[in-house]
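Some notes on the structure that comes next.
Numbers restart at 1 for each chain; the letters A, B, ... are given by sequence-line order, proteins then strands.
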2 protein chains.
Amino acid sequence: MDTAKRENDEAARAADSPLVHDFGLLIKAATRLEQRIDTALRKECEISHTMFEVLIRLCRHPDEEISQRRLADDLTLTSSGITRLIDRMEGTGLVRRVPAPGDRRSVLVEPTGQGRTVFLRAAAIHASVVERYFVAPVTPADYGRLTRSLGEIEKALRDA
Amino acid sequence: MDTAKRENDEAARAADSPLVHDFGLLIKAATRLEQRIDTALRKECEISHTMFEVLIRLCRHPDEEISQRRLADDLTLTSSGITRLIDRMEGTGLVRRVPAPGDRRSVLVEPTGQGRTVFLRAAAIHASVVERYFVAPVTPADYGRLTRSLGEIEKALRDA
DNA sequence: GCTCAGCAATTGATTGCTCAGTAATTGAGA
DNA sequence: TCTCAATTACTGAGCAATCAATTGCTGAGC
């Protein structure tokens with residue numbers, strides 16, 4: 001059948017387009033990098049990369065707790081995802097839930113002392129992996145442009 | 001306690017480092033973009049983004065089937081992950097398994113006619129989302145450098 | 001030719017998320 | 001002041017991945 005053959009060719013062209021290729025690169029680089037960090041953190045610190053992302057937010061401003069809602073938005077998780085993640089982190093003593101002063105629906109989260117200690121060890125591991133596979137492979141000039149572009153892309157997604 | 005206070009400050013600095021921030025941007029941009037594509041493809045074509053990634057590989061070279069092993073490596077899935085993914089795709093008639101001529105351990109996968117048809121529709125959706133949120137937000141010059149950098153990063157991860 | 005270490009795919013059990021639905025709380029407008 | 005739509009967290013069910021263990025097959029070295 002001729003139409004089948006033409007569809008084959010069309011599909012082959014679509015599958016080979018630069019757009020597909022370039023975007024594939026982004027996805028692959030990001031997932032490989034995240035996997036590498038995740039396994040390193042699990043081995044050395046017994047936490048997942050997701051937990052690390054939570055600790056980053058909690059430690060950033062030492063005297064300002066963060067609501068679960070905000071964490072969910074920041075990590076692109078659903079509210080139920082965050083509930084269970086914080087459950088696990090509370091269970092292993094990394095964080096503590098505290099009621100929100102002004103709003104009784106909301107729950108604030110803060111790191112425990114142990115949480116901060118683990119975070120410091122984890123941050124060192126994180127930095128070394130990121131340094132090696134994210135920073136080192138590109139020239140300093142390109143690195144600046146890379147992060148700027150990623151910022152633009154993230155902004156476009158956020159605004160939409 | 002003084003040591004606790006110092007640990008607080010140290011953690012705050014680590015959590016605010018440019019490295020952490022920049023890498024966070026990559027992860028966030030990639031996951032948001034992938035989510036957007038995934039929901040669009042699910043709504044319009046009833047396939048997941050992961051299935052789309054499989055179809056890309058299968059349609060790229062029309063007369064060369066691809067082994068599950070290769071697909072798993074390419075998509076950064078485990079072999080068991082690929083087995084179940086292909087199960088589902090075979091179940092909905094998108095692909096077909098065929099025995100590998102030279103090696104009876106290996107299973108090759110090829111797209112069905114329906115698989116190619118769905119792929120063509122999906123590719124159009126994919127292109128429009130990628131165009132809008134990945135290409136449009138950066139200048140053409142930066143886009144070239146962006147993909148080059150991502151290529152370098154991916155290469156570094158692959159080599160290691 | 002035989003053995004055996006290694007690889008491909010599969011399966012059972014588990015993990016970590018989503019979705020849909022629920023309960024408590026809030027704040028804006030009649 | 002009261003009502004009600006929106007918002008927060010949580011829960012049960014389900015899904016898509018992982019890990020660990022198994023089976024069948026292959027090829028290199030003796």
Side-chain angles (χ1 to χ4, degrees), chain A residues 27-28 30-32 34-43 46-55 65-92 94-110, chain B residues 27-28 30-32 34-43 46-54 57 65-92 94-110:
Chain A
I27 295 295
K28 205 185 253 184
T31 63
R32 285 229 151 93
E34 185 170 12
Q35 273 175 12
R36 222 179 200 92
I37 288 173
D38 189 68
T39 59
L41 290 180
R42 291 192 123 95
K43 184 184 304 188
E46 319 231 87
I47 64 172
S48 65
H49 174 246
T50 319
M51 292 180 179
F52 180 69
E53 291 282 339
V54 169
L55 289 176
E65 304 92 351
I66 303 211
S67 75
Q68 291 193 180
R69 179 67 266 160
R70 190 147 159 30
L71 285 173
D73 289 343
D74 243 42
L75 303 203
T76 38
L77 290 182
T78 60
S79 69
S80 85
I82 264 291
T83 294
R84 294 183 227 261
L85 176 58
I86 299 299
D87 281 352
R88 268 171 283 142
M89 293 182 73
E90 205 173 29
T92 55
L94 292 169
V95 304
R96 200 176 7 244
R97 278 190 241 239
V98 305
D103 187 339
R104 273 188 294 175
R105 288 168 303 180
S106 183
V107 174
L108 301 184
V109 186
E110 62 178 23
Chain B
I27 295 296
K28 206 185 254 185
T31 63
R32 286 227 150 94
E34 186 171 11
Q35 273 176 11
R36 218 172 204 97
I37 288 174
D38 189 68
T39 59
L41 290 180
R42 292 192 121 95
K43 184 184 305 186
E46 320 232 84
I47 64 172
S48 66
H49 175 246
T50 319
M51 291 180 179
F52 180 68
E53 291 282 339
V54 169
R57 270 84 180 169
E65 304 91 351
I66 303 211
S67 74
Q68 292 193 178
R69 178 69 266 159
R70 190 145 157 33
L71 284 173
D73 289 343
D74 242 44
L75 303 202
T76 37
L77 290 182
T78 60
S79 66
S80 85
I82 264 291
T83 292
R84 293 184 231 261
L85 176 58
I86 299 298
D87 282 352
R88 269 170 286 147
M89 294 183 73
E90 204 173 28
T92 55
L94 293 168
V95 303
R96 201 179 3 246
R97 278 189 242 241
V98 304
D103 188 337
R104 272 190 294 176
R105 290 170 302 181
S106 183
V107 173
L108 301 184
V109 186
E110 62 178 23

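Residues A:Q68 and A:Q35 both approach DNA chain D. Their nearest nucleotides, taken by heavy-atom distance, put A:Q68 toward the 5′ side. Of the two residues contacting DNA chain D, namely B:T76 and B:G102, the nearest-nucleotide position lying further toward the 5' end is that of B:T76.
Note on B:L77: only backbone sugar-phosphate atoms sit closer than 4.0 angstrom, heavy atoms only; bases stay farther off. Nucleic acid contact for A:R97: sugar-phosphate only, since backbone atoms but no base atoms lie under 4.0 Å from a heavy atom of the residue.
C:dT11 atom C1' lies 16 Å from atom CD1 of B:I82, rounded to whole Å. To the nearest angstrom, P of D:dT8 lies 13 Å from CZ of A:R70. Taking atom CD1 on B:I86 and atom C1' on C:dT10, their separation rounds to 14 Å, with Å as the unit. Summarising the geometry, the separation between CG on A:L71 and P on D:dC10 is reported as 12 Å, rounded to the nearest angstrom. Rounded to an integer number of Å, the gap from B:D38 CG to D:dA16 C1' is 11 Å.
Between B:S80 and D:dA16 there is no side-chain polar atom (N or O) within less than 4.0 angstrom of OP1 or OP2. OP1 or OP2 of D:dA9 has at least one side-chain nitrogen or oxygen of A:S106 nearer than 4.0 Å. Distances shorter than 4.0 Å separate some side-chain N or O of A:R88 from OP1 or OP2 on C:dC17. The phosphate of C:dC19 (OP1 or OP2) has no side-chain N or O of B:R42 nearer than 4.0 angstrom. A:S79 has no side-chain polar atom (N or O) that falls below the 4.0 Å cut-off from OP1 or OP2 of D:dT8. Close to D:dT26, at under 4.0 Å from its OP1 or OP2, lies a side-chain N or O of B:R104.
Comparing C:dT18, D:dA6, D:dA9 against the side chain of A:R105 picks out D:dA6 as the nearest. Counting only heavy atoms from C-beta on, A:T50 has its side chain closest to C:dC17 among C:dT25, C:dA9, C:dC17.
Comparing the local axis fitted to the first five base pairs of the helix from C:dG1-D:dC30 to C:dA30-D:dT1 with the one fitted to its last five gives a bend of 20°, rounded to 10°.
For A:R84 against C:dT15, no side-chain N or O and base N or O form a donor-acceptor pair under 3.5 Å.
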